[in-house]
Amino acid sequence: EVPVPGKVSTRYDLEKETELRFEVEAVEQIELELLTGMAEVFGSELNRNKKYTFGAGAKIAVFTWQGCSVNLYGKPEVAYVSKDTPMLLYLNTHAALEQMRRQAERDNERGPRVMVVGPTDVGKSTVCRLLLSYAVRVGRRPTLVELDVGQSGVSVPGTVSALCIERPADVEEGFSVQAPLVYHFGSTTPGTNIKLYNKLTSCLAEVYSQRCEVNRKASVGGCIINTCGWVKGSGYQALVHCASAFEVDVVLVLDHERLYNELKRDLPHFVRVVLLPKSGGVVERSKECRRDTRDEKIREYFYGFRGLTFYPFSYEVRFSDVRIYKIGAPSIPDSCLPLGMSQDDTQLKLVPVTPGRDLTYHVLSVSSAEDGEEGARKGIVESPVCGFIVVTNVDTQTQVMKVLSPAPRPLPRHTLLIMDIRFMDSK
Ligand code: ADP
């Protein structure tokens with residue numbers, strides 16, 4: 001064993017079906033190495049004698065089916081071994097889904113469409129990652145549908161997206177994100193505009209279904225839908241809407257009996273609703289922690305992630321060259337609505353934004369909608385986005401704003417959608 005200079009190393013011998021859980025402190029880095037046996041991190045197998053690095057705030061479980069020994073280099077905030085994990089139940093869930101895929105293959109049907117629901121911090125994203133990695137490891141091509149606008153695993157916060165999974169998640173970095181389909185939502189909670197949220201869910205369902213019609217592997221692979229932790233009121237209605245838009249076959253409810261009963265009552269009888277326990281290892285995250293993760297996700301978009309460094313561009317954009325919109329007008333009492341107009345229309349309405357100093361630091365989505373006047377405006381809400389920029393400075397005198405962009409000028413399109421989300425570039 002060659003110790004990493006300056007870092008304490010601790011060896012853990014794990015029995016079969018146990019996991020080592022550890023958390024990385026704010027300014028620390030922990031390295032993990034598999035010494036003997038076999039182990040996986042959230043469904044992705046570890047290679048022996050390779051050091052995996054986990055940065056500040058990471059919360060990791062190293063699970064072993066057969067038993068193994070691992071080394072941790074550095075001082076984790078906490079590290080302990082647990083025998084009590086729901087991994088076997090999760091694996092059985094995967095086996096049941098795989099059974100459905102086999103049957104779909106045989107009968108020329110479509111594979112399982114699975115929605116994962118539950119309150120925040122029950123391990124929804126982790127279960128999605130696990131099921132997707134297991135599926136891809138047995139040769140499937142499942143699709144990840146990300147509806148968690150607060151903590152998206154695919155794109156920047158404030159978006160919903162779909163991603164075709166072709167290889168297991170990278171142990172350190174998660175799923176490789178190439179060519180996801182992304183829609184602009186604009187804020188970190190569905191409640192800010194539930195009509196828009198439901199509309200975008202429908203858009204994703206439609207695009208996914210179209211893809212299934214032309215791509216047999218995508219159809220058989222099915223999809224795993226990650227949802228928001230908001231499970232009451234309109235949040236609950238949004239889950240019911242999603243189940244119907246995607247015509248889901250299976251709903252996995254994590255650690256919430258009432259939600260389980262409600263969905264069983266409200267969804268059609270052929271939908272299998274399954275209650276699963278959460279893992280004791282799932283760590284509750286504070287508001288600050290969530291905000292930091294969001295910030296990090298935006299930073300990653302512009303600057304890359306460890307092995308892959310990007311160099312974003314900064315340039316000026318004239319107000320007259322772009323059109324900036326916010327989706328959704330502030331709601332007004334029904335009695336004040338123009339004749340023939342409903343609240344729905346106001347929530348999906350494009351409201352032109354006059355650039356001013358308060359635009360500074362806002363994240364803007366670059367819509368893929370064709371540039372062009374009024375006629376084109378109609379399709380903007382339902383058009384995917386092709387990228388994001390951040391406004392770093394606004395000069396109202398010269399009518400110019402400075403933006404941070406992943407690509408050099410010019411902007412690929414000129415229709416911009418404003419998010420509530422702001423990003424202060426500290427690089
Ligand atoms: P949700 O999607 O429900 O909000 P996540 O899946 O994002 O929850 O999990 C919350 C946090 O807990 C994540 O940082 C994840 O890495 C961590 N986590 C999940 N399962 C475990 C586990 N078994 N041991 C340790 N940490 C875990």
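Since the structure is predicted, the reported quantities are computational estimates derived from the model, not experimental observations.
In terms of heavy atoms, Leu132 sits closest to Thr143 at CD2-O, 4.0 Å. A pairwise comparison of heavy atoms in Glu25 and Glu77 identifies CG-OE1, 3.2 Å as the closest pair. Scanning both residues, Tyr134 and Gly43, for their nearest heavy atoms gives CE2-CA, 3.8 Å. Nearest heavy atoms, Ser176 versus Arg167: OG-NH1, 3.5 Å. The shortest non-hydrogen separation linking Asp148 to Cys228 is CA-SG, 3.7 Å. Phe22 and Pro76 make their closest contact through CB-CB, 4.2 Å (heavy atoms, listed as atom of the first residue, atom of the second, distance).
Applying the side-chain contact (heavy atoms from CB on, under 4.5 Å) test between Val149 and each of Thr188, Val160, Thr159, Ile421 identifies Val160 as the sole match. Here the options are Val248, Thr227, Leu147, the test is side-chain contact (heavy atoms from CB on, under 4.5 Å), and the partner is Leu239; only Thr227 passes. Of the candidates Val353, Val366, Val391, Leu416 forms a side-chain contact (heavy atoms from CB on, under 4.5 Å) with just one, namely Val366. For the salt bridge (Lys or Arg N to Asp or Glu O under 4.0 Å) criterion with Arg110, the lone passing option out of Glu247, Glu213, Glu105 is Glu247.
A centroid separation of less than 6.0 Å is found between the aromatic rings of Phe185 and Tyr197. Ring-centre distance between Tyr301 and Phe388: below the 6.0 Å cut-off.
A distance-only check finds no donor-acceptor pair linking the side chain of Arg48 to the backbone of Leu34 [under 3.5 Å]. The backbone N or O of Thr64 sits nowhere less than 3.5 Å from a side-chain atom of Glu17 that would complete a donor-acceptor pair. A donor-acceptor pair under 3.5 Å links the side-chain atoms of Thr360 to the main chain of Arg357, judged by distance alone. Although no hydrogens or angles enter the test, the distance criterion places no donor-acceptor pair under 3.5 Å between the side chain of Asp420 and the main chain of Ser187. Not one N or O on the side chain of Ser244 forms a donor-acceptor pair closer than 3.5 Å with the backbone of Val240. A donor-acceptor pair under 3.5 Å is formed between the side chain of Asn261 and the backbone N or O of Glu257.
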Donor-acceptor pairs under 3.5 Å, side chain of residues 52-59 to any protein atom, not counting sequence neighbours: which ones?
unit_1: Tyr52; atom_1: OH; unit_2: Asn47; atom_2: N; d: 2.7
unit_1: Lys59; atom_1: NZ; unit_2: Gly57; atom_2: O; d: 3.3

Enumerate, atom names and distances included, each donor-acceptor pair closer than 3.5 Å involving a side-chain atom of residues 122-131, sequence neighbours excluded.
unit_1: Lys124; atom_1: NZ; unit_2: Gly118; atom_2: O; d: 3.3
unit_1: Lys124; atom_1: NZ; unit_2: Pro119; atom_2: O; d: 2.7
unit_1: Ser125; atom_1: OG; unit_2: Asn226; atom_2: ND2; d: 3.4
unit_1: Arg129; atom_1: NH2; unit_2: Asp170; atom_2: O; d: 3.2

In a table with atom names and distances, give each donor-acceptor pair under 3.5 Å that connects a side chain of residues 265-279 to protein atoms at least two apart or in another chain.
unit_1: Asp266; atom_1: OD2; unit_2: Tyr236; atom_2: OH; d: 2.7
unit_1: Ser279; atom_1: OG; unit_2: Gly281; atom_2: N; d: 3.0

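Here OG of Ser405 is found 7.0 Å from CZ of Phe302. Values are rounded to the nearest 0.5 Å. Atoms CD and CE, from Glu45 and Met38 in turn, are 4.5 Å apart once rounded to the nearest 0.5 Å. Note: Met419 CE to Thr192 OG1 = 11.5 Å, rounded to the nearest 0.5 Å.
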(request) Begin from the C-alpha positions of Ser367 and Thr415 and carry the test side chain to side chain donor-acceptor pair (under 3.5 Å) through to its verdict. (result) CA-CA 6 Å; Ser367 172; Thr415 302; 5.5 Å; no
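Between Lys83 and Glu19 there is no salt bridge, since no side-chain nitrogen of the basic residue lies less than 4.0 Å from a carboxylate oxygen of the acidic one.
Looking at Trp65 and Leu88, their side chains come closer than 4.5 Å, going by heavy atoms from C-beta outward.
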